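Before any comments, here is the structure.
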Amino acid sequence: MGRGLTISFDIPIAIEPQVQQVAAAQHITASEAIVRLIKAGLQASQPRPTSSPDNILSIPGLAGQPMSDEEASVMDEVVENAMESRNIRWAGNLGA
């Protein structure tokens, strides 16, 4: 695999220590740390999947796909919030 595009830029002094800390903690070069940070930022900026029929089965936990502990925790929170919202609406309808 090739090295890819070489780009030079100045890292703001305010974040340079953080880049160095990431590099030291992961035992990698500062350049590799920057590449990983950029990749993580790009991945985080990707749109989240919607629940259309085309992609519903790609959601972790559905169709037999494994779910990480973090994903399971998030799913539990989503379900709990939905149930609380539904219970509040039902309780409001009972009093009408």
Side-chain angles (χ1 to χ4, degrees):
M1 184 189 289
R3 294 249 334 137
L5 178 65
T6 299
I7 300 174
S8 296
F9 59 92
D10 295 325
I11 298 172
I13 280 185
I15 66 168
E16 185 178 359
Q18 293 167 312
V19 171
Q20 294 296 345
Q21 287 174 350
V22 169
Q26 296 182 14
H27 307 288
I28 58 176
T29 66
S31 294
E32 182 61 26
I34 290 170
V35 169
R36 290 182 184 185
L37 291 166
I38 290 170
K39 284 179 180 179
L42 290 171
Q43 187 176 29
S45 69
Q46 295 295 317
R48 300 281 188 235
T50 61
S51 59
S52 72
D54 292 337
N55 63 13
I56 191 73
L57 295 179
S58 67
I59 297 173
L62 298 179
Q65 294 182 5
M67 185 181 291
S68 71
D69 290 343
E70 183 180 357
E71 290 167 332
S73 177
V74 169
M75 184 67 78
D76 289 346
E77 186 177 342
V78 168
V79 170
E80 182 179 345
N81 290 339
M83 292 302 294
E84 285 176 13
S85 174
R86 185 169 287 166
N87 288 337
I88 290 169
R89 282 186 297 178
W90 285 343
N93 289 337
L94 291 176

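Just so we're clear, the structure is a prediction, and the values are computed from it rather than from any experiment.
Considering CD of Q18 and CD1 of I11, their distance stands at 11.0 Å, rounded to 0.5 Å. For the atom pair CD1 of I38 and CD1 of I7, the computed distance is 7.5 Å after rounding to the nearest 0.5 Å. A distance of 11.0 Å separates CD1 in I15 from CD1 in I13, rounded to the nearest 0.5 Å.
Residues V22 and A33 come closest through the heavy atom pair CG1-CB, 4.0 Å. The shortest heavy-atom contact between V19 and A30 is CG1-O, 3.9 Å.
No more than 12 heavy atoms of other residues, nucleotides or ligands lie within 6.0 Å of CG in D69, so this atom counts as exposed by the packing criterion.
When side chains are defined from C-beta on, R36 counts as touching Q26, because their heavy atoms get closer than 4.5 Å.
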